[in-house]
Amino acid sequence: MKVVKNPKELMKILRKEKRSIGFVPTMGALHEGHLSLIRQSCKENEITVVSIFVNPTQFLPGEDFSRYPRKYEADKKICELAGVDYLFMPSVEDIYQKDEVLVKAPKIKGYILEGYNRPGHFDGVLQIVNKLLNIVKPTRAYFGKKDAQQLYLIEKMVENFYMDVEIVPCDIVRESDGLAMSSRNVYLSEEERKRALLLSKSLKRAGKLIMQGEKDVEKIREEMFKVLEKVEIEYIEVVNKNLDKIKSVEKGNSIILVAAKVGNTRFIDNLWI
Ligand code: PAF
């Protein structure tokens, strides 16, 4: 595995590549969730590129940018063992210049749900993903469905900017007790972890109701609110794949989204129906 820091150096190497390129962008502190994306990329492409970059522009003032877990040495080993070909680890100075041309999240879909609670977050996500996709120019890029709105907006950016890449959505990976894998799980104390589990429990409850034939979104939300009594809920919403709110669940075209604060940390989770 070759570790590259400089964007132009990576571009020079990858432009000579004739093989298919799979790309997994991450912010590091790699866990099983990331590994499942990396494994899928290795299976579906001839070479795999992983990036590790804690992107400052997607954190709002007061958010956890400075304490976001950074485990560069452990991450390198994980990537090497997983069969990654190139690990891209630029610094902030390698990536950002002063007074840049900016990519903007769409005014509606970028400012609901996560975007409502973290205004400007998706501008930063799209700015960095745009740069990374241009540097790597992958055949396929892999993103987790846990960040459902991020996935939607990246697919939109690729469509709107005619970018030549296939975006591959990947299933959520969970701990054995149901907690969705996240680099932020390390922030949780034992007691907080129990409360964080309520997010996946509320989605499980929703899933069971739907299996039993319930379609009414208000009834499903009501039951989820009950499960989530002990956490600071930010939102529980049911949307279609276009992120429009819906009143009745439609199989194959509904996502149940939940965001809540546990201790000092926000967590999100969702269920695709
Ligand atoms: O999902 C993430 O880890 C980040 O938002 C991403 C896509 C790597 C951009 O910084």
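We number each residue from 1, following the sequence as shown. Counting starts at 1 for both ligands and their atoms, in listed order.
- Among the atoms of Asn55, none of the N or O lies under 3.5 angstrom from an N or O of ligand 1.
- In this structure, atom 7 (C) of ligand 1 lies nearest to the protein heavy atom Gln150 NE2, 3.5 Å.
- Between Gln58 and ligand 1, at least one N/O pair is under 3.5 Å apart.
- Geometric assessment of Arg70 against the ring of Phe65 yields a positive cation-pi assignment under the 6.0 Å and 45° thresholds.
- Applying the 4.0 Å criterion to heavy atoms of Ile128 picks out, from ligand 1, the atoms 9 (C), 10 (O).
- Salt-bridge formation is not detected for the pair Asp177/Lys194: no Lys NZ or Arg NE/NH1/NH2 atom is positioned less than 4.0 Å from an Asp or Glu carboxylate oxygen.
- Among Lys261, Arg118, Arg266, the one residue that satisfies the side chain to side chain donor-acceptor pair (under 3.5 Å) test with Glu234 is Arg266.
- Just one residue in the list Leu10, Asn6, Leu14, Asp94 forms a side-chain contact (heavy atoms from CB on, under 4.5 Å) with Phe88, and that residue is Leu10.
- Protein heavy atom in closest approach to atom 3 (O) of ligand 1: Met27 CG, 3.8 Å.
- A cation-pi arrangement, defined by a distance under 6.0 Å to the six-membered ring centre and an angle within 45 degrees of its axis, is absent between Arg193 and Tyr187.
- Atom numbering of ligand 1 starts at 1 in the shown order; those under 4.0 Å from a heavy atom of Pro25 are 8 (C).
- Residue contacts with ligand 1, taken as heavy atom pairs separated by less than 4.0 Å, involve Thr26 solely via the backbone atoms N, CA, C and O.
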Would Glu63 and Tyr68 satisfy side-chain hydrogen bond (donor to acceptor under 3.5 Å, both in side chains), going step by step from the backbone distance to the final call?
CA-CA 9 Å; Glu63 287 190 347; Tyr68 194 85; over 6 Å; no
